[in-house]
J.: 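Before we start, here is the structure in question, set down as structure tokens.
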Amino acid sequence: MDVITRFAPSPTGTLHVGNIRTALHNWLWAKRHGGRFILRLDDTDKERSREEYADSIKADLQWLGLDWDEEHRQSQRFHRYEEALDRLREAGRVYPCYETAQELDLKRKVQLSRGKPPVYDRAALDLTDADFVRYENEGRQPHWRFKLDHSKAIEWHDGIRGPQHFDPALLSDPVIRREDGSWLYMLPSVVDDIDMGVTHVVRGEDHVTNTGLQLQMFEALGAPVPAFAHEALLVGSEGKLSKRLGSLGVEAMRETGIEPMALIAKLARIGTSQPVEAVTTPQPLIAHFCFDTFGRAPARFDMEELESLNARIIHQLDFDQVADGLPNGMDRAGWEVVRPNLHTVAEAADWWHIVEGPVTVTADPADTDLLAAAVAVADGTDWTDGPWQALTSALKAQTGRTGKALFLPLRRALTGRDSGPEMGALVKLIGKERSIQRLKAAAGL
Ligand code: GLU
């Protein structure tokens, strides 16, 4: 079987970590099986869907490297939904209803006050021809409901949640089309999944009940039912879906200096029994991706953990993977020297400024003699080989200083910082001339 998955965002907002995770899992599953990954924009809601959101969703997926093989828009497929509705009507599986929102609300309240589940009572099925004529004369348009088959339990084996069971009699017949002719999400999604040959539907567990209802729609349309996997939701580190988490979009990630690969590595494994690993390509994530490893408890997303993973990944990234984000003039050697000290790729520029200078230092007067000696030693040192080694061993012999007392004043004079990349590699990048200038300045010469 060729695996086909889809990511179906509504272009009514930008992507956040929760839906990026869903996109990623669909992508990983398709890649793992050499299958296809579809991007479907669920834009049936004309009022709320915006082109700028569609563009931003696509740009974000591209930034993350989640390439798609096909792109569809529900707004271009209304004719298919009409056809499906016609078929369901002929089969007696949809029916028109005329209740207003207030009437339905009242029914629900009465049911609840009697301790009954608020399930639609199917009153519209009892409408007579005279009722229909009357409504028509009043110019009223119906909304349409899908008629669930109460004789058949709804069951499926969920890829993450295991065996699922619903009694259809305890569910309301879902509204699939509004009186103004607009479509709700339920039926178009099924029609698309059928037409596009979707084999696996991976989405959040907030869709579990929808799946129960949609299973009967697949069957009523005579189509094979795809496999379903519903993932536990993502929660913030404080244990509940926080506003902040909901607003953690790609833009915020980029601003924080999170690399796409770090987000991918985190979201691929969070909430599973597999460890989050600092990988630099998606290949190992693809190779080991498996729904069996997913837990049912909400997955906890922690920004600090992501930042530390980000740093671990950056420490391994090759020059070619980051070249676009590096300052002018920084080459492979420069990248490899500063890389172990970075939390974000952008910080490479700070170190590059230090290499290129100018660097201003105020040295401790107690170190003036050491730094003056350093100027003389540096002057006679060959910089092509190991200048730092040569410099420090000569100064150690001359001054008797060792360890921090020796290294810290030199590091401060040469970089203006107390810590940073390994000095041996750094002084080579700074070069002989600039090193001597800085030592002189620090020694007050
Ligand atoms: N547009 C729906 C959503 O964003 C798609 C759900 C699905 O994957 O079927 O929730």
Side-chain angles (χ1 to χ4, degrees), residues 3-30 35-51 53-54 56-58 60-61 66 68-78 80-81 84 146 154 156 158-161 164 174-178 182-218 221 223-234 241 245-250 267 291 294:
V3 166
I4 300 180
T5 62
R6 85 308 193 269
F7 173 52
S10 300
T12 53
T14 54
L15 296 184
H16 55 76
V17 284
N19 40 36
I20 291 168
R21 174 168 169 255
T22 304
L24 172 64
H25 293 162
N26 279 287
W27 184 85
L28 288 169
W29 187 246
R36 297 175 70 72
F37 172 65
I38 295 175
L39 171 62
R40 187 184 87 203
L41 294 164
D42 283 3
D43 58 351
T44 54
D45 187 339
K46 280 205 187 87
E47 304 265 288
R48 293 174 58 230
S49 298
R50 293 225 214 110
E51 202 48 39
Y53 290 133
S56 111
I57 288 169
K58 290 200 273 180
D60 287 353
L61 292 176
L66 304 181
W68 55 97
D69 301 296
E70 283 173 40
E71 182 182 329
H72 299 279
R73 282 176 186 244
Q74 291 195 322
S75 57
Q76 286 163 9
R77 295 180 39 78
F78 288 141
R80 292 296 293 151
Y81 313 146
F146 177 77
I154 295 171
W156 77 93
D158 195 274
I160 294 172
R161 297 165 61 87
Q164 301 293 297
V175 176
I176 53 176
R177 196 177 200 182
R178 300 189 187 87
S182 62
W183 295 97
L184 281 109
Y185 149 81
M186 298 294 288
L187 182 66
S189 180
V190 170
V191 172
D192 291 344
D193 288 340
I194 296 171
D195 284 356
M196 294 163 200
V198 170
T199 58
H200 294 77
V201 174
V202 182
R203 55 189 181 188
E205 66 180 12
D206 49 330
H207 283 288
V208 169
T209 310
N210 287 344
T211 298
L213 305 168
Q214 288 177 324
L215 277 186
Q216 286 212 351
M217 296 185 193
F218 280 97
L221 290 166
V225 174
F228 285 91
H230 293 88
E231 20 187 44
L233 299 182
L234 213 50
L241 242 177
L245 176 61
S247 66
L248 272 184
V250 164
L267 293 177
F291 290 111
F294 279 66

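Indexing begins at 1, ligand by ligand and atom by atom, following the structure's order.
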J.: Do Arg77 and Asp195 sit within salt-bridge range, that is, some charged N less than 4.0 Å from a carboxylate O?
T.: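 A salt bridge links Arg77 with Asp195.
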
J.: Rounded to the nearest 0.5 Å, what separation is found between the OG1 atom of Thr211 and the CH2 atom of Trp156?
T.: 5.0 Å

J.: For ligand 1, would you mind listing the residues that have at least one heavy atom less than 4.0 Å away, ordered by chain and number?
T.: Arg6, Ala8, Ser10, Asp42, Tyr185, Ser189, Arg203, His207

J.: Going by side chain to side chain donor-acceptor pair (under 3.5 Å), Asp193 matches just one of Gln214, His200, Arg6. Which one?
T.: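 Result: among Gln214, His200, Arg6, Arg6 is the only option passing the side chain to side chain donor-acceptor pair (under 3.5 Å) with Asp193.
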
J.: Which pairs count as salt bridge (charged side-chain N to carboxylate O under 4.0 Å, His left out) when at least one residue sits in residues 8-21, sequence neighbours excluded?
T.: none

J.: My understanding is that only residues two or more places apart in sequence, or in another chain, count here; which of them pass side chain to side chain donor-acceptor pair (under 3.5 Å) with Trp183?
T.: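 None.
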
J.: According to side chain to side chain contact (heavy atoms under 4.5 Å, CB included), who are the partners of Ala54, at least two apart in sequence or on a separate chain?
T.: Pro11, Leu41, Glu51, Arg73

